[in-house]
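Have a look at the structure below, then the notes.
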Amino acid sequence: MKNINPTTTSAWEKLNEHYNNARFFDMKNLFAQDQSRAQAFTIAWEDFMVDFSKNIITQETKNLLTDLANEVSLKEAIEDYFEGEKINKTEDRSVLHTALRADKDEQITVEGKNIVPEIFQVKKKISVFCDAIISGERKGFSGKAITDVVNIGIGGSDLGPVMVTEALKYYKNHLNIHFISNVDGDHVFEIVKNLNPETTIFVVVSKSFTTQETLINATKVRYWFLNKTQLESVSGHFVAVSSNISKVQEFGISSEDVFPMWDWVGGRFSLWSAVGLTISLSIGFSNFEKLLAGAKSMDDHFRQTEFEKNIPVQMALISIWYNNFFKTETEAIIPYTQYLHRFPAYLQQAVMESNGKSVDRNGEKVSYETGNIIWGEPGTNSQHAFFQLIHQGTKVIPADFIGFINPLHGDQDQHDILMANFFAQTEALLSGKTSKEVGEELKKSVVSQAFLIPFKVFEGNKPTTSILIDKLTPNSLGKLVALYEHKIFVQGVIWNIFSFDQWGVELGKELAGNILKHLNVINSNELQKSTASLVDHYKKRR
Ligand code: F6P
């Protein structure tokens, strides 16, 4: 992977010049000038159709962005990523979540060893365990079948499993799935208060097995369990997913109950590994495999398709176009399905923990913008919450609209209403409403309300990308998640940053430990002044 400052490339210089015209582009004119624009800027691939035509781009923009990708040797970087080169240099690690969805006969080598057989051994262990729990063959300590599963983890050890189990609720079995993530005793209490220890298993998920939140919550839950049962009952009810087997054993979970993962799987990209155990318990292992197979098809598409027709590459380049030239700050993710209600939160970690960096791969402070701010909510709820600002506010917010053609429960009529909103919003954001149109409308009203005209004008020209997928299935969800993973990768390559470390979350963790000590002593003088005053107030009133 080459370390090239993107702003020193000739493509960047040309993009800057091009931007001087492009910032005045009116998408309505672009459509009027080119009757085939909708088709020309759409990529149809398997069950996906991705329409980029409602973006402030022309063929020239696309060409220049592709030149940028070529100038930073993106193709070579993609190969390094899939081949297991140690591209996470600050942690001296390969980045191989893609290996988790590889075929059995592939060879992917890390430090001279083919890792594929080991991945399949762990998959076998997941499948045997899940089958035994789901079928009721593996029972709780009192002989009753398991009814409830509690995933205890945070960050990537929580967000991926929650997002997918919610997204694939339609495919779930009888097991009730719960998640404990926050180090908030009230949250823990709310989850366990209605659980029966006889019929509940706890999956403690932590790659490092040193994360404060997870260890405190797992310890609390174990006390709760022991209060209601006997010590010997614990073993069958607590399993762990981790790459730190010795720490898991110290915690008291035996090695047979550990589902291993590896240091070449980053936390926020880990749902495809044993971190997906809860997913597999919820929808069954065969559906979990379909999720992996979907991701694998997207991997192949990403690795093998020319940039012009490559969905993750195009999404990444267009995002860079807005972020670095239009200087947009945020991107909205709007899924038109309630099932994907945790998808924006999942992407917040995946995108912002990866590309929220300000030092380049040479160790130099960057002089250009990097990671976007990600936010969003499902439509149509979001239409009644923050769409006002997208339509008429002062900021440009590129938005991804994600919709499915077929509903899962078969109510096509109501689904048409949902999707009519999807199409209407992307059109309204593009076309807006001129003062002339507003004036004509107001003329029809009985009382003249000319003063209302400026308030009712929509400038339009707001960019959106529409992702239309045939149906929400484990397979299509796998493709969608992998699409965004690769988008993140491409952006990191071009911005010349390390996308796969997360040093920025360390400082807060250290300080929390220090402040906890001060909460238990009388004198808070050593703390920063404002923090000391907050801590003193807290101590007086707790
Ligand atoms: O928030 C930092 C982080 O390291 C994430 O990258 C990770 O997903 C999360 O903490 C949880 O880490 P672990 O799985 O090691 O408990």
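First listed ligand is number 1; within each ligand, the first listed atom is number 1.
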One finds that the ligand 1 atoms under 4.0 Å from a non-hydrogen atom of Ser206 are 13 (P), 14 (O), 15 (O), 16 (O)
Exercise for the section: Mind telling me whether Phe82 and Phe302 have parallel, tilted or perpendicular rings, with 30° and 60° as the class edges? Expected result: tilted
Residue, atom and distance of the protein heavy atom nearest atom 6 (O) of ligand 1 read Glu353 OE1, 2.5 Å
min-distance protein heavy atom vs atom 10 (O) of ligand 1 -> Lys509 NZ, 4.4 Å
Worksheet item: If you measure every N/O of Thr214 against every N/O of ligand 1, is any gap under 3.5 Å?
Response: no
Using a strict 4.0 Å threshold on nitrogen-to-oxygen distance, state whether Asp299 and Arg303 make a salt bridge. no
For Thr211, the ligand 1 atoms with a heavy-atom partner under 4.0 Å come out as 12 (O), 13 (P), 15 (O), 16 (O)
Between Tyr336 and Phe404, is the ring centroid distance below 6.0 Å? no
Taking only non-hydrogen atoms of Ile154 and a 4.0 Å limit, the atoms of ligand 1 in range are 9 (C), 11 (C)
| Gln349: heavy atom below 4.0 Å from ligand 1, yes or no? | yes
The closest protein heavy-atom partner of atom 15 (O) of ligand 1 is Ser208 OG, 2.6 Å
If you look only at distance, which donor and acceptor atoms sit under 3.5 Å apart when one is on a side chain in residues 348-356 and the other is two or more places apart or in another chain?
unit_1	atom_1	unit_2	atom_2	d
Gln348	NE2	Ile374	O	2.8
Gln349	OE1	Gly156	N	3.2
Gln349	NE2	Glu353	OE1	3.3
Glu353	OE1	Arg268	NH1	2.8
Ser354	OG	Arg268	NE	2.7
Ser354	OG	Ala350	O	2.5
Asn355	OD1	Ser499	OG	2.7
Asn355	ND2	Ile488	O	3.1

Atoms of ligand 1 under 4.0 Å from any heavy atom of Val505, numbered from 1 in the order shown, are 1 (O), 2 (C)
Flag the pair Glu369 and Lys327 as a salt bridge only when some basic side-chain nitrogen lies within less than 4.0 angstrom of an acidic carboxylate oxygen. no
among protein heavy atoms, the one nearest atom 8 (O) of ligand 1 is Gly156 N, 2.7 Å
| Any idea how Phe500 and His97 line up, ring-wise: parallel (<30°), tilted (30 to 60°), or perpendicular (>60°)? | tilted
Step by step, would you call Leu277 with Phe129 a side-chain contact (heavy atoms from CB on, under 4.5 Å)?
CA-CA 9 Å; Leu277 186 65; Phe129 179 77; 4.0 Å; yes
